[in-house]
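The sequence lines fix the lettering, A, B, ..., with proteins before strands; numbering per chain opens at 1.
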Number of protein chains: 2
Amino acid sequence: MDGIDRKLLGLLQEDASRTNADMAEEVGLAPSSCLRRIRRFKSTGIIDRIVAILNPAKAGKGTKAIVTVELERHGEQHARRFLDLVIKEPAVMQAYSVSGETDVVLMVRVADMEEFDALCLRLFQDGSNVARYYTMFVIRTAKEATAIPL
Amino acid sequence: MDGIDRKLLGLLQEDASRTNADMAEEVGLAPSSCLRRIRRFKSTGIIDRIVAILNPAKAGKGTKAIVTVELERHGEQHARRFLDLVIKEPAVMQAYSVSGETDVVLMVRVADMEEFDALCLRLFQDGSNVARYYTMFVIRTAKEATAIPL
DNA sequence: ACAACTATGCAATAGTATTGCATAGATCTG
DNA sequence: CAGATCTATGCAATACTATTGCATAGTTGT
C-alpha cells in the first residue's frame, strides 16, 4: 500500500467508470500494471464492490430520516432480534448499534411521510422490543459522500 | 421508467462492474438496447455516479461515530457557516441539517480515538458556533447499504 | 388512419481489458 | 556481500466488450 495505491483508490472512490488506461496515465503506470493493482484491491477486499449511486430525489425517495431507538429489553439476544427485523426493510439503508443514550440508529430513505408512517408501524409495533424512538428528518443534506479518506 | 428500468437500476446498485451483455440477458434485452437505457440513466442523472465502495476496516478507518450537534446561534447564516466548516473534513462523510432536538447530524469515519479527538478539536473549537455535541460510537454495523429501494 | 416519435435487435466497428513474457528492482539468506 | 528468490513493471499481442448505424416494430398524438 504505497502512494500510488492510495491515489488509485481515491480515483476509484470518486469515479469507478473511468478507463483503466486513463487512470494508469494519471498515476504514472502502464495500463497492465495499473490493472493488476486494481485487481489486487478487489481480491484482497479493500474494494468491497463497484456500485451505481442513484440520485435519491430522482429515484423517488426524497425523504430521509435518522431514527434513534431505545430498546425495551437489552442484551445480545433481544438486540439481535430487533436488528434482524429492521435490516430486512429496504428503506432502512443503515442500521447501527451504538453507544450513548440510545441503542440503535437507523438511516431511512422513503418517498414521503405516508411511506415513513407505514414503515414505523411495521418496525415499532408492540412486541418488537422498542421502548421509544426519536425521529430526526433531514432538512438539508450538506454532504453525502461514499469515499473513505485515505 | 418501467419494470426493466427498475430491474436494471437494482442490478447496477448491487454490482456496477458486470458486463452490459450479462445484464442485458438478465433483464431480457439486446445488449444495445440495454446499454442505451443505462446511458439514459446517466444523462438524466438518475444514476449520479459509479464508485468503488471500500471496506472501512481494511482501509484503516475502522471507527465510525454519529455526532449530533446543537448550534449556539441558529438561523441560516450561522448554520451555513458551521456546515461549510465540517464538509471540508474528509472524515465527515455525511452532514445533515435535521429537525428535532439537535440541529446537525454528522457521520464520521476515523482510524481511531486519537483521530476522532483531533477532529473534534478542529470542528468544535471556540468560535465554531457549537453549543453542545453528543457522540454515538458505532459498536456494530448491522446494515450499511448504498442501494435505494425502487 | 396517418404521421411523428421512440425503443428495439442485428451486425459491423471501435475501444478496452487482459494475458504472456522478458526485465528490473527489492528482499531475503547464508 | 553475492547469490537467489520474489514481486512489480512495461510492452505488445490477443480476447473481450462497448458502441454505432441502420432497418423495423411499437406507441402516441392529431
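In this structure, B:F41 places its CZ atom 11 Å from P of C:dA7, rounding to the nearest Å. One interatomic measurement links the two molecules: NZ of A:K42 to P of C:dA17, which rounds to 10 Å at whole-angstrom precision. If you take CG of A:L29 and C1' of D:dT7, they are 14 Å apart, rounded to a whole angstrom. If you measure from atom CD1 of A:I38 to atom P of C:dT18, you get 9 Å, rounded to the nearest angstrom. Going from atom CD1 of B:I4 over to atom C1' of C:dG9 covers 13 Å, rounded to whole Å. When the P atom of C:dA7 is taken as reference, atom CE of B:M1 falls 13 Å away, rounded to whole Å.
Taking side-chain N and O atoms only, A:S33 has a distance below 4.0 Å to OP1 or OP2 of D:dG10.
Between B:R40 atom CZ and B:D5 atom CG the span is 5.0 Å, to the nearest 0.5 Å.
Salt-bridge formation is not detected for the pair B:E89/B:R109: no Lys NZ or Arg NE/NH1/NH2 atom is positioned less than 4.0 Å from an Asp or Glu carboxylate oxygen. By the 4.0 Å N-to-carboxylate-O rule, A:R73 lies too far from A:D103 to be salt-bridged with it. A salt bridge links A:E26 with A:R18: the closest approach of a Lys/Arg side-chain nitrogen to an acidic carboxylate oxygen falls below 4.0 angstrom.
Residues satisfying the side chain to side chain contact (heavy atoms under 4.5 Å, CB included) test with A:R39, not counting sequence neighbours, are A:L35.
The two residues A:L71 and A:H74 have their closest heavy-atom pair at O-CE1, 3.3 Å. Between A:V51 and B:Q13 the shortest heavy-atom distance is CG1-O, 3.3 Å.
Side-chain atoms of B:R122 and B:S128 form no donor-acceptor pair, as typed in the model, at a separation below 3.5 Å. Checked by atom type, the side-chain pair B:R132/B:T102 shows no donor-acceptor distance below 3.5 Å.
Pairs engaging residues 115-150 of chain B under the ring-ring contact (aromatic ring centres under 6.0 Å, His included) rule: B:F116-B:F137, B:F124-B:Y133 [sequence neighbours left out].
Axis deviation across the helix from C:dA1-D:dT30 to C:dG30-D:dC1 amounts to 50°, comparing end segments of five pairs, rounded to 10 degrees.
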| remark: With B for base contact, S for sugar-phosphate-only contact and - for none (protein heavy atoms under 4.0 Å), nucleotides 13-26 of chain D reads ----SSBBB-----
Under 3.5 Å, side-chain donor or acceptor atoms of residues 52-67 of chain B against the rest of the protein: list the pairs with distances, not counting sequence neighbours.
unit_1, atom_1, unit_2, atom_2, d
B:N55, OD1, B:A57, N, 3.0
B:N55, OD1, B:K58, N, 3.1
B:K58, NZ, A:T44, O, 3.1
B:K61, NZ, B:E115, OE1, 3.4
B:K61, NZ, B:E115, OE2, 2.8
B:T63, OG1, B:A111, O, 3.4
B:K64, NZ, A:Y96, OH, 2.7
B:K64, NZ, B:E144, OE2, 2.8

Pairs under 3.5 angstrom, nitrogen or oxygen only, protein versus nucleotides 24-27 of chain C, please.
none

